[in-house]
Amino acid sequence: MANEDIFKKIIAHSKEYGFVFQSSEIYDGLSAVYDYGQNGVELKKNIKEYWWKSMVQYHENIVGLDSAIFMHPTTWKASGHVDAFSDPMIDNKDSKKRYRADVLVEDYLAKIEAKIDKEVSKAEKRFGESFDKDQFIATNPRVLANQGKIEEIKNRLYPAMENDDLAGIKQLIEDLEIACPVSGSRNWTDVRQFNLMFSTQMGSLSEDTNQIFLRPETAQGIFVNYLNVQKTGRMKIPFGIAQIGKAFRNEIVARQFIFRMREFEQMEMQFFVKPGEEMKWYEYWKDARMKWHLSLGIPAEKYRFHNHEKLAHYANAAADIEFDFPFGFKELEGIHSRTDFDLGAHQEFSGKKLQYFDPELNESYVPYVVETSIGLDRTFLAVLSHAFTEEKLEDGSERVVMKIPPVLAPVKVAILPLMKKDGLPEKAREIMDSLKFDYMCQYEEKDAIGRRYRRHDAIGTPYCITVDHQTLEDQTVTIRERDTMEQERISVDLVSSVIEKKIKGI
RNA sequence: GCGGGAGUAGCUCAGUGGUAGAGCAUUAGCUUCCCAAGCUGAGGGUCGUGGGUUCGAACCCCAUUUCCCGCUCCA
């Protein structure tokens, strides 16, 4: 497929031009871990800055935080990650399909429930208006038998899940004679546990009570600091706390370049609101976040919302902003209404009150939370894959140009003497020195001017300043625009302000 | 984890058992007044890793690892 080819080209281009390298490449690499190179780190830093400014600097009621990756182990019990982040998996040996073992059983339960529903609606038709549904369910022998079956299965499944009784879950699947939906076979492997949280030890290795986890999301660092920030910052609801930081997930299968990595970076903002107002703010942030994406100049048709049908354990509403990656529409950012689940859980597990005294209502409550959580690496990949362009020029030659929004471009300006003699390099250096405090600049004198332009097209430098003989006479330079390749001649004195205007204009 | 494909210079790749190559890139110089120009030199590879077969392996066999695709999973 053409898109796959483009994706391959983007990956190759990323390496060739110093955006992304595979981690530990000289040791054959490490699966699903990547390093950002000299240009990648600039792009990533610029994305962070663009987000941070739009959230923290622009909103008076949002402040920042940088919490530690290590957190007290109880944090993850309260958040639900200890239970929910370890899934029992089972493979069918014939179809080679993998399933979550508990989901297989849940699906089986759903089938029985469907049977009951069918029984009820059949009876409903037969008896018409005089039909008493509750009465029927309470007395019909077939319904009762099925309900008993459901009870019995639940009584085996849930304790087994609770106690990590993997053999018990396997036995349950075998006893129920659950077959693979694809192959119809009952030839199952053992049930295995995959814990999605990385763990390590803190302090003495001999004690077994000091296992700690690398955070699987940054949100909890915000929740446990909610009162610290609220009190010391004298924050009034509604207010938000924003954070950019690394998180770690031991994904079973990590794929698609930097889209799903085991170590990744999130940009999150938790917005604390009055209970009952969460849907208003949920809609507000859905809208605000989409506008942020569009402000980068990437066309609207590259984005879409995906509203969650099945909600996570903490949410009462959730939507993803999806981006049209070369491998299809995939999640880029999540906007979740998390209710008071997190603060409530931390309150319960810690025994500390995490309430807010609302002076308007003259009462205390646990705030509700609306979260915006965007993958930094995914945004990086979105920008990169949209920017990557192969163009055929009028003279028949081809060029590869990264049409990165100027505000995000790794290098803002290249300063190029047309020739490396006659004092042109010295003049170019002078201009470079006047710009490099404000902008990421690069000076280049090697190779023909056209080649240097193309090199900067390839890393997405939006502007090239060229110093020629006329510069020495009248103090003007040419400024070349990346996307149009057009040049205009401007006074040296105006270079800095022209570039500033262009970059801020996006 | 299963199935398929791939791994040779920084990049793209050629090389079917007999002295490791090309183009681009890098680098030194010459030439060149605006879009990957030309000329002359130079550097760079234990052919992903480990083992086996062979007089001899980049090439054949086994294992392993990484990447890509599909399945699966994704709070």
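Protein chains get the first letters and strands the later ones, always in sequence-line order, with residue 1 at the start of each.
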Could you state the atom-to-atom distance from [atom1] of [X] to [atom2] of [N] in whole Å?
X	N	atom1	atom2	value
A:H13	B:rG10	NE2	P	19 Å
A:N307	B:rA75	CG	P	15 Å
A:Q266	B:rC74	CD	P	17 Å
A:K446	B:rA28	NZ	P	6 Å
A:D35	B:rU66	CG	P	15 Å
A:F327	B:rC73	CZ	P	18 Å
A:Q270	B:rA75	CD	C1'	12 Å
A:W76	B:rA75	CH2	C1'	12 Å

Inter-nucleotide [atom1] distance ([N], [M]), Å rounded:
N	M	atom1	value
B:rU12	B:rG52	P	32 Å
B:rG56	B:rC60	C1'	13 Å
B:rC13	B:rG17	C1'	22 Å
B:rA9	B:rG48	C1'	14 Å
B:rU66	B:rC24	P	35 Å
B:rC59	B:rA20	C1'	12 Å
B:rU64	B:rA6	C1'	16 Å
B:rC47	B:rG10	P	13 Å

Looking only at the side chain of [X] (C-beta and beyond, no hydrogens), which of the listed nucleotides [options] gets closest?
X	options	value
A:R249	B:rC74, B:rC34, B:rU12	B:rC74
A:E16	B:rC11, B:rU66, B:rA75	B:rC11
A:Q487	B:rC68, B:rC34, B:rU66	B:rC34
A:R260	B:rU26, B:rC73, B:rC11	B:rC73
A:M485	B:rC35, B:rA75, B:rC68	B:rC35
A:Y17	B:rU32, B:rA36, B:rC34	B:rA36
A:Q22	B:rC67, B:rC33, B:rA75	B:rC67
A:R454	B:rA36, B:rA75, B:rC34	B:rA36

Quiz prompt | Donor-acceptor pair present, A:R480 side chain and B:rC35 base, under 3.5 Å | solution = yes
Quiz prompt | Donor-acceptor pair (no angle test) under 3.5 Å: A:D457 side chain, B:rC35 base | solution = no
Quiz item: What's the shortest heavy-atom distance between A:R452 and A:P417, and which atoms?
Solution: NH1-O, 2.8 Å
G-U wobble or Watson-Crick pairing nucleotide for [N] (cut-off 3.5 Å, both distances):
N	result
B:rU72	none
B:rG56	none
B:rC33	none
B:rG21	B:rC13
B:rG43	none
B:rG50	B:rC62

Self-check item: is_close_aromatic(A:F327, A:F7), centroid dist under 6.0 Å
Solution: yes
Practice problem: Please find out if less than 6.0 Å separates the ring center of A:F213 from that of A:F198. | Solution: no
Quiz item: Between A:D468 (side chain) and A:T471 (backbone), is there a donor-acceptor pair under 3.5 Å?
Solution: yes
Quiz item: Is the closest side-chain donor-acceptor distance between A:Y226 and A:D342 under 3.5 Å?
Solution: no
When all nucleic acid strands are considered with a 4.0 Å heavy-atom cut-off, which category describes [X]: base, sugar-phosphate, or nothing?
X	answer
A:Q470	nothing
A:Y34	sugar-phosphate
A:A318	nothing

Self-check item: Within 45° cone and under 6.0 Å: A:R289 NZ/CZ vs A:W292 ring
Solution: yes
Quiz item: Do the side-chain N or O atoms of A:K15 get closer than 4.0 angstrom to the phosphate oxygens (OP1, OP2) of B:rG10?
Solution: no
Quiz item: Any side-chain heavy atom of A:I459 sitting closer than 4.5 Å to one from A:V411?
Solution: yes
Quiz prompt | First of A:V33 and A:T478 reached from the 5' end of RNA chain B, by closest nucleotide | solution = A:T478
Exercise. With RNA chain B as reference, determine whether A:R455 or A:E331 sits nearer its 5' end, using the nearest nucleotide of each.
Key: A:R455
Quiz item: Any Lys/Arg nitrogen of A:E391 or A:R454 sitting under 4.0 Å from an Asp/Glu carboxylate oxygen of the other?
Solution: no
